Asks: 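Supplied in structure tokens, the structure appears directly below.
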Amino acid sequence: MEERYNPKEVEPKWQKHWEDKNLYKAIADDPRKKFYCLEMFPYPSGRIHMGHVRNYAIGDVIARYKRMQGYNVLHPMGWDSFGMPAENAAIKHGVHPSKWTHENISYMKKQLRQLGLSYDWDREVTTCSPEYYKWNQWFFIKMLEKDLAYRKTSFVNWCPSCTTVLANEQVIDTKCWRCDSIVIQKELEQWFLKITHYAEELLSACDELKGWPEKVVLMQKNWIGKSIGVEVDFRIDGMNKSIKIFTTRQDTLFGATFLCLSPNHPLSAKLITDKTELEKITTKYSQTDEKLGLFTGHYCINPMNNEKVPIYIANFVLMEYGTGAIMSVPAHDQRDFDFAKKYELPIKVVIAPEDKNHELRAKSYELKEAYEDEGVLINSGQFDGIISDIAREKIAAYIEEKGLGKKVVNYKLRDWGISRQRYWGTPIPVIYCDKCGAVPVPEKDLPVILPEDVKFTGIGGSPLLEAESFINTTCPKCAGKARRETDTMDTFVDSSWYFIAYCFQKNSISFDPSLLTPNSSLKYWMPVDQYIGGVEHAVLHLLYSRFFTRVIRDLGIIKESEPFTNLLTQGMVIKDGAKMSKSKGNVVDPDYLIEKYGSDTSRLFSLFAAPPEKDLDWSDKGVEGAYRFLNRIWHIIHKNQTSLRDSKAISPNITDLADISESGRRLLRKTHQTIKKVTSDIEREYHFNTAIAALMELLNELGGFEAGDKNDWSVFRFAVENMLLLLFPFTPHIAEELWNALGNPSGISGHHWPEWNEEIANEEEIELVIQINGKIKSKLMIIRGLSDEEIKKLVFQDQKTKEAIGQKSIRKTIIVKGKLINIVIGE
RNA sequence: GCCGGAGUGGCGGAAUUGGUAGACGCAAGGGACUUAAAAUCCCUCGUCAGCAAUGAUGUACCGGUUCGAGUCCGGUCUCCGGCACCA
């Protein structure tokens with residue numbers, strides 16, 4: 001055994017050993033219980049960052065721990081390898097996106113190997129490979145067949161200078177993130193996936209996501225945004241037309257003093273004669289800086305009270321939500337209130353705060369702002385005097401009865417627009433024929449291969465628009481001349497089902513029904529038991545995955561509705577008070593860390609500095625502390641190697657401690673306590689930081705240990721072996737090396753997780769805290785398991801306690817078993 | 001604005017069901033070893049008073065419940081995250 005701990009030598013050695021022995025290969029055909037442990041796969045941007053190190057260290061601890069617990073573990077890794085950075089690199093440096101991506105993958109794969117992560121690389125997926133994206137196209141076609149994919153015209157963010165659509169997150173402060181041009185809303189025909197079909201199911205199933213952080217579930221619920229209300233038709237005065245509005249506040253219907261249409265509402269263009277005015281307001285659509293209105297010159301009839309109310313066009317009314325038209329109740333909605341003040345429209349109070357005398361209140365009610373709370377109805381005809389929530393029921397019923405409208409449920413969730421005017425993505429498998437329209441590519445012709453031979457100029461939109469040999473094709477229906485779709489899919493499609501792809505061996509994905517037997521690996525491994533990743537995906541990726549899982553379920557491929565049983569969202573890695581970023585200059589490079597301290601130290605610090613769900617404050621000094629800890633373990637074993645080798649570990653369940661010294665007994669007890677503590681900390685929401693702290697305590701105990709006779713060395717060896725076993729999931733290389741140095745014939749990898757003996761873990765004596773009126777006055781060592789009477793007897797003999805009580809009367813004593821006694825005394 | 005979460009030493013963080021606040025680590029100070037330094041090892045380390053034993057005080061702030069509150073309840077402040085004209 002080397003005297004010095006040298007991770008550079010130890011780590012590659014064991015990485016090679018594990019790989020040679022194929023230890024982490026997962027095989028579905030196994031009687032053990034399965035455990036599918038998954039971390040979010042990375043975008044191959046070039047090199048891994050500390051966020052990855054943290055994410056994958058957490059996942060690896062769980063995977064290794066579960067293996068030791070006897071589970072058959074699936075722990076895969078892959079690459080989310082379509083996306084804009086590759087294309088931007090092509091434009092900027094002239095490297096083909098494919099070359100750039102594959103070079104990044106091979107470098108990052110090397111980095112992940114260096115971290116000693118226990119992946120089954122035989123299941124690696126690369127989303128930019130045709131073998132993978134073929135299935136994106138296949139799912140798309142299946143969704144077309146089931147009416148879950150469709151094409152429609154909608155408004156999108158458009159950069160006039162780059163001539164392409166931008167995703168919402170690529171629009172920064174109304175400007176293009178790349179060229180700073182003002183982004184405009186442009187109407188484009190796009191492909192959509194009908195996620196709203198599952199809106200209700202995605203929402204109600206949220207309550208079954210017991211293994212997810214509440215925060216994430218809540219974000220999903222809010223994103224889906226269910227609201228219950230009514231649609232009401234307002235007849236246009238003097239026209240044989242009506243306007244349908246949606247409201248959740250039908251209790252305020254009598255207070256509707258005007259109506260607003262979205263500028264994009266089909267009726268807007270019909271009601272407005274001055275098109276330039278309409279154009280003006282359309283360009284300001286959905287911009288939050290100011291509310292703009294335009295009177296149409298037309299009026300509606302409020303169906304509740306037959307009052308004539310003006311129709312406006314307002315830039316803040318969204319076409320995408322509800323019906324694209326609203327009733328405006330300025331007295332009870334702040335936006336309408338502001339609008340009414342600006343355009344001098346009437347304000348009519350119909351809800352009064354629910355006080356003692358509401359009628360009196362109503363008269364003296366001078367509005368300075370809208371009253372948005374609930375209350376009692378006034379000025380509302382037959383509904384006067386009714387409380388808001390009951391009035392909502394009654395008015396909804398009245399509307400349905402009179403045929404004025406109906407109860408409806410609305411969701412904020414919109415269908416998912418997946419078309420991207422980008423090259424580096426999955427081609428949408430559709431062919432446009434002048435005669436047959438949009439025709440899906442037949443299944444047998446999949447995959448539609450993304451052509452490699454294209455030019456990257458960065459101007460004029462997607463390079464595919466110029467790829468004649470790709471575009472020109474024949475119609476699958478009529479065999480006539482036709483053109484291919486040149487848009488590619490949003491890369492979130494790729495990541496919406498990759499966890500299913502891992503259930504197959506590399507490049508053998510197939511959803512052919514004949515391969516989906518009841519014992520198929522897909523059925524065996526799904527769902528993911530533990531998913532780990534950044535909270536930034538709380539809505540998008542996780543919601544899309546839940547949607548895809550349901551589609552795949554409805555295709556009869558899997559039974560599960562939910563892909564991820566348990567979810568852990570790890571916090572960010574922070575340094576000097578900010579997220580690590582190049583612009584802040586606070587980036588820690590994993591390569592540098594591994595070079596200087598090794599991957600065990602890098603992993604250990606990432607796990608020790610904070611519990612996984614919290615942000616982690618990076619500290620270079622803290623890393624040194626982690627390194628010091630591993631060095632101390634190395635040295636204590638090195639120093640005692642002869643005695644350790646000459647001894648056999650004491651049996652874990654030994655109860656006769658007669659031949660063991662006091663020091664040995666203490667160490668034995670501490671060891672059992674540590675096994676218990678580490679196990680329960682891992683079980684308790686993966687609190688690795690306290691588990692590692694417990695191991696540090698055990699090491700401190702080992703440092704102070706002085707062996708008496710031979711049995712003591714057996715205890716010492718027992719403590720050391722268990723420390724290594726407990727350490728293995730966190731820092732596998734050093735654990736394996738030292739385990740080997742002890743002369744153990746078989747590797748630590750296959751060893752089972754240790755168990756503790758409660759009997760031995762329990763202290764023989766406990767320190768009893770003595771409180772007088774809740775304040776600590778004394779402490780007393782007593783034997784465990786005494787009766788209350790015996791405890792009291794001892795406590796009242798205690799000198800300090802006697803002094804503290806003095807002549808005062810004892811009113812009450814409270815005893816907390818094994819911990820404390822509180823004596824309540826009088827004056 | 002709405003919805004969440006969090007506030008504990010010089011710092012990261014412990015305290016699991018209401019029962020010893022500050023585990024573990026970092027930093028700092030002192031000591032040992034060394035010609036010296038690094039490394040390592042040992043000791044001290046919330047604040048105030050005291051030579052000390054010890055006492056008082058302390059978990060953002062104010063109040064409450066309780067024998068007992070970092071933990072529960074009500075209110076206030078600050079910070080972080082999400083959503084944001086969703087009618």
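In the text below, chain A, chain B and the rest are named by the order of the sequence lines, each starting its count at 1. Everything quoted here is computed from the prediction, not taken from an experiment.
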Asks: Which dot-bracket notation, 5' to 3', represents the base pairing of RNA chain B when pairs are defined as Watson-Crick or G-U with both distances under 3.5 Å, crossing pairs as [ ], and inter-strand pairs as |?
Replies: (((((((..(((......[....))).(((((.......))))).((((....))))..(((((..]....))))))))))))....
Asks: Does A:Glu767 get its side chain close enough to the base of B:U20, under 3.5 Å, for a donor-acceptor pair?
Replies: yes
Asks: Indicate, with a heavy-atom threshold strictly under 4.0 Å, whether A:Asp615 touches base, sugar-phosphate, or nothing.
Replies: sugar-phosphate
Asks: Is the distance between the ring centroids of A:Phe608 and A:Phe688 less than 6.0 Å?
Replies: no
Asks: CD of A:Glu372 versus C1' of B:C85: gap in Å, rounded?
Replies: 11 Å
Asks: Yes or no on ring-ring contact (aromatic ring centres under 6.0 Å, His included) for A:Phe192 and A:Trp416, after CA distance, side-chain angles and deciding distance?
Replies: CA-CA 5 Å; A:Phe192 286 84; A:Trp416 175 14; over 10 Å; no
Asks: Among B:U20, B:C24, B:A56, which is the nearest nucleotide to the side chain of A:Lys777?
Replies: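 That would be B:A56.
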Asks: Report yes if some heavy atom in the side chain of A:Ile326 is under 4.5 Å from a heavy atom in the side chain of A:Asp336; otherwise report no.
Replies: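 Side chain of A:Ile326 against side chain of A:Asp336, heavy atoms only: contact under 4.5 Å found.
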Asks: Rounded off to whole Å, could you give me the CD-to-C1' distance for the A:Glu214 and B:G81 pair?
Replies: 16 Å
Asks: Rounded to whole angstrom units, what separation is found between the CG atom of A:Leu607 and the P atom of B:A14?
Replies: 14 Å
Asks: Would A:Thr601 and A:Tyr5 count as a side-chain hydrogen bond (donor to acceptor under 3.5 Å, both in side chains) if you check the C-alpha gap in whole Å, the side-chain angles of each, and the deciding distance to 0.1 Å?
Replies: CA-CA 12 Å; A:Thr601 297; A:Tyr5 168 47; 4.5 Å; no
Asks: Can you see whether A:Asn722 engages A:Thr671 through a side-chain donor-acceptor pair at a distance of less than 3.5 angstrom?
Replies: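 No.
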Asks: How far, in whole Å, is B:A15 from B:C85 if one measures between their C1' atoms?
Replies: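 Looking at atom C1' only, B:C85 and B:A15 are 46 Å apart.
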Asks: Any idea which of B:A14, B:U20, B:G68 is nearest the A:Asn822 side chain?
Replies: B:G68
Asks: Quote, to the nearest angstrom, the P distance that separates B:A87 from B:G75.
Replies: 26 Å
Asks: Of the candidate nucleotides B:A27, B:G4, B:A14, which contains the atom at the shortest distance from the side chain of A:Lys215?
Replies: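 Closest of the options to the side chain of A:Lys215: B:G4.
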Asks: The side chain of A:Lys812 is closest to which nucleotide in this list: B:C85, B:C67, B:C24?
Replies: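 In terms of side-chain proximity for A:Lys812, the closest of B:C85, B:C67, B:C24 is B:C67.
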Asks: Check whether the ring centres of A:Phe339 and A:Phe316 lie less than 6.0 Å apart, and answer yes or no.
Replies: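 Yes, the ring of A:Phe339 comes within the 6.0 Å limit of the ring of A:Phe316, centre to centre.
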